[in-house]
Amino acid sequence: MRFYNSLTRRTEIFVPLDPERVRLYVCGPTVYDFAHIGNARPVVVFDLLFRLLRHRFGEGQVIYARNITDVDDKIVAAAATSGETIEQLTGRTARAFHDDMAALGALPPSVEPRATQAIAEMIDLIGVLIAKGHAYAAGGHVLFAAGSFPDYGALSRRGRDALLAGARIEVAPYKRDSMDFVLWKPSTGEQPGWDSPWGRGRPGWHIECSAMAWRHLGPVFDIHGGGLDLIFPHHENEIAQSRCAHGSGRMAQLWMHNGYVVVDGEKMSKSLGNVLTVRQLLAEGHSGEAIRLALLSGHYRQPLDVTRGKLREAKVQLDRFYGALRGRAVPAVAPPAAVLEALEEDLNTPKALAVLHALANRAHRGDAAATAALQSGGRLLGLLPAGPEDWFRGDAGAAAAEIEALVAARQEARRARDFVRADRIRDNLKARGIELEDGPQETAWRRA
RNA sequence: GGCCCGGUGGCAGAGUGGUUAUGCAGAGGACUGCAAAUCCUUGUACGUCGGUUCGAUUCCGGCCCGGGCCUCCA
């Protein structure tokens with residue numbers, strides 16, 4: 001398999017450091033608000049990578065760590081606004097995140113460490129960094145001395161001059177150098193804080209990922225993923241912290257970054273106020289599976305414009321896939337080689353989906369092998385988990401029996417060649433969002 | 001200002017130095033009581049100007065346009 005490495009800017013053959021223990025780390029959410037579709041993209045993209053790695057190396061051989069950042073100034077601010085305690089807010093938001101990501105068909109990661117449970121490791125790392133001369137305490141803060149790490153800027157391709165020239169915020173007075181960044185900062189009374197050799201305080205944003213990745217995956221691991229916007233400063237700083245603390249030549253051998261979700265061509269972000277939450281889209285009636293398909297409809301490194309039209313189109317595509325599976329016995333088979341080949345070539349999901357469409361075409365024409373391959377290939381992508389009837393009918397519940405009765409009544413009318421009555425029944429059902437499909441023997445129904 | 005992406009047919013979206021991407025939408029036909037679903041057929045592409053080449057959408061350069069990063073961000 002080959003993946004594009006942000007660090008080298010080349011597509012490289014992936015060989016795990018230890019094939020018995022393939023290690024993937026992805027930066028997870030800061031839990032202070034509902035996940036937006038831009039937060040969902042890396043979750044879905046790296047969920048697919050996780051599935052692919054498990055398929056290739058074995059389910060028990062892949063460890064996927066995705067953190068939850070539950071200490072952060074945005075959380076403090078959000079809790080103050082909502083009147084909740086920090087624990088209430090982060091607990092509630094983390095649960096919502098889990099629900100939303102499950103709706104998108106994302107598997108839980110192997111481990112999901114929380115920043116507040118890795119404070120000891122962070123303090124250890126910071127202590128090592130100070131001892132090695134890569135960090136210093138000043139004004140109650142501990143700062144990383146960026147100048148002490150020659151490779152600083154390697155990931156984001158930014159030289160020292162560029163970093164200084166581009167600085168657009170005021171340099172805090174306790175920094176020796178404007179490039180330096182915070183590892184630990186002091187906490188006042190109400191702010192969450194932990195005792196440390198530098199006083200009561202809380203971690204900087206970047207150190208948590210270095211600590212959690214180290215704890216669960218070791219000092220050097222295989223793949224580090226996240227959104228494009230994390231390259232600088234977050235991942236740059238993670239690399240600096242981890243490599244300097246561990247004295248290693250690299251933190252991860254492969255860095256993968258997904259492109260932005262955009263709205264009308266502009267990046268979606270909280271600061272622009274154009275966010276679309278997963279929750280909102282689900283409430284509008286878009287299925288999580290359609291959202292997942294929409295997120296996979298473009299290559300992961302390209303910008304993705306998530307529009308309602310795209311979500312509707314994803315739904316139509318799923319209708320077609322499920323239609324090919326409908327009413328057929330589908331044995332479990334290995335995923336088709338063409339799907340695997342597409343995914344193993346830098347997660348080329350559009351190509352994999354094209355293969356699925358080709359299989360769906362053959363399946364519709366009655367090719368049983370293609371039907372099984374479609375199901376299997378879809379599941380590798382985290383799609384088509386449901387039975388076709390569940391997909392088409394949803395949880396109709398009590399309405400199902402009534403619909404069945406109406407369908408039977410219409411059949412009766414058709415047999416009597418009372419088409420006026422038959423069409424009236426069909427029209428009434430259609431008005432309720434139920435569409436009928438007359439087959440040779442019987443009539444199937446589905447939600448529009 | 002520095003650095004970095006991208007511009008493909010009505011829309012979405014892969015890919016390739018010469019051979020149909022694919023999906024949606026559109027058009028025609030089959031099936032159907034009529035539909036729906038399905039099947040068959042079908043049109044429209046590679047921002048722009050140069051260069052390299054037997055041949056460029058694909059490589060190189062200029063230009064135009066769009067987007068991003070430069071310590072909030074997935």
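No experiment lies behind these values; they were computed from the predicted model shown.
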Looking only at atom [atom1], what distance separates [N] and [M], rounded to whole Å?
| N | M | atom1 | answer |
| --- | --- | --- | --- |
| B/rU19 | B/rC5 | P | 28 Å |
| B/rG51 | B/rC11 | C1' | 34 Å |
| B/rG67 | B/rC49 | C1' | 23 Å |
| B/rA74 | B/rA37 | P | 41 Å |
| B/rG29 | B/rC34 | P | 14 Å |
| B/rU58 | B/rU41 | C1' | 31 Å |
| B/rC64 | B/rU38 | C1' | 47 Å |
| B/rU57 | B/rG7 | C1' | 12 Å |

In terms of side-chain geometry, is the basic nitrogen of [X] or [Y] positioned less than 4.0 Å from the acidic oxygen of its partner?
| X | Y | value |
| --- | --- | --- |
| A/Arg424 | A/Asp427 | no |
| A/Arg158 | A/Glu236 | no |
| A/Asp73 | A/Lys185 | yes |
| A/Asp319 | A/Arg446 | yes |
| A/Glu344 | A/Arg2 | no |
| A/Asp151 | A/Arg243 | yes |
| A/Glu284 | A/Arg279 | no |

- Task: Could you run through nucleotides 18-23 of chain B and give me one letter per nucleotide, 5' to 3': B if any protein heavy atom sits under 4.0 Å from the base, S if only the sugar-phosphate is that close, - if neither?
- Result: ---BSB
- Message: Each nucleotide in nucleotides 30-36 of chain B should get exactly one letter: B, S or -. Can you fill that in based on protein heavy atoms under 4.0 Å?
- Response: ---BBBB
Starting from [atom2] on [N], measure out to [atom1] on [X] and report it in whole angstrom.
| X | N | atom1 | atom2 | answer |
| --- | --- | --- | --- | --- |
| A/Asp346 | B/rA14 | CG | C1' | 13 Å |
| A/Ile75 | B/rC73 | CD1 | P | 12 Å |
| A/Glu238 | B/rC73 | CD | C1' | 14 Å |
| A/Tyr300 | B/rC5 | OH | P | 14 Å |
| A/Leu104 | B/rA74 | CG | P | 16 Å |
| A/Asp367 | B/rU38 | CG | P | 17 Å |
| A/His235 | B/rC70 | NE2 | P | 14 Å |
| A/His299 | B/rU16 | NE2 | C1' | 16 Å |

Considering every strand and a 4.0 Å limit on heavy-atom distances, what is the contact class for [X]: base, sugar-phosphate, or nothing?
| X | answer |
| --- | --- |
| A/His234 | nothing |
| A/Glu236 | nothing |
| A/Arg66 | nothing |
| A/Gly323 | nothing |

- Task: Answer yes or no: does a side-chain N or O of A/Asn348 lie under 4.0 Å from OP1 or OP2 of B/rG15?
- Result: yes
Scan nucleotides 65-68 of chain B against the protein and return all N/O pairs shorter than 3.5 Å with their distances rounded to 0.1 Å.
from, atom 1, to, atom 2, distance (Å)
B/rG68, O2', A/Tyr260, OH, 3.1

- Item | Pairs flagged by ring-ring contact (aromatic ring centres under 6.0 Å, His included) wherever residues 336-389 of chain A is involved - sequence neighbours left out | A/Phe321-A/His357
- CA sep, side-chain torsions, deciding dist, call: A/His234, A/Trp205, ring-ring contact (aromatic ring centres under 6.0 Å, His included): CA-CA 8 Å; A/His234 186 53; A/Trp205 174 32; 4.1 Å; yes
- What base-paired stems does RNA chain B take part in, with at least 3 consecutive Watson-Crick or G-U wobble pairs and both distances under 3.5 Å? B:1-7 with B:64-70, B:10-12 with B:22-24, B:26-30 with B:38-42, B:47-51 with B:59-63
- Task: Classify the angle between the aromatic ring planes of A/Tyr25 and A/Phe221 as parallel (below 30°), tilted (30 to 60°) or perpendicular (above 60°).
- Result: tilted
- Mutual orientation of the aromatic rings belonging to A/Phe50 and A/Tyr64 [parallel < 30°, tilted 30-60°, perpendicular > 60°]: tilted
- Query: Near RNA chain B, which residues from residues 278-298 of chain A have a heavy atom under 4.0 Å away?
  - Reply: A/Ser297, A/Gly298
- Message: Evaluate A/His257 against A/His235 for ring-ring contact (aromatic ring centres under 6.0 Å, His included), listing each step before the verdict.
- Response: CA-CA 10 Å; A/His257 294 95; A/His235 290 167; 4.9 Å; yes
- For residues A/Asn237 and A/Phe144, determine if any side-chain heavy atom of one lies less than 4.5 Å from a side-chain heavy atom of the other. no
- Message: Contact between A/Asn5 and A/Arg9 at the side-chain level, heavy atoms closer than 4.5 Å - yes or no?
- Response: no
Of the listed nucleotides [options], the one nearest the side chain of [X]:
| X | options | value |
| --- | --- | --- |
| A/Trp205 | B/rG13, B/rC72, B/rC24 | B/rC72 |
| A/Leu230 | B/rU38, B/rC69, B/rA74 | B/rA74 |
| A/Asn258 | B/rC40, B/rU71, B/rA74 | B/rA74 |

- Which pair of heavy atoms, one from A/Cys27 and one from A/Arg66, lies closest together, and at what distance? C-CG, 4.4 Å
- Query: On RNA chain B, nearest-nucleotide positions of A/Asp180 versus A/Arg362: which is more 5'?
  - Reply: A/Arg362
- Ring centers of A/Phe149, A/His134 separated by less than 6.0 Å: no
- CD (A/Glu412) with more than 12 external heavy atoms under 6.0 Å: no
- Task: Check whether more than 12 heavy atoms from other residues, nucleotides or ligands sit under 6.0 Å from atom CD of A/Glu442, and answer yes or no.
- Result: no
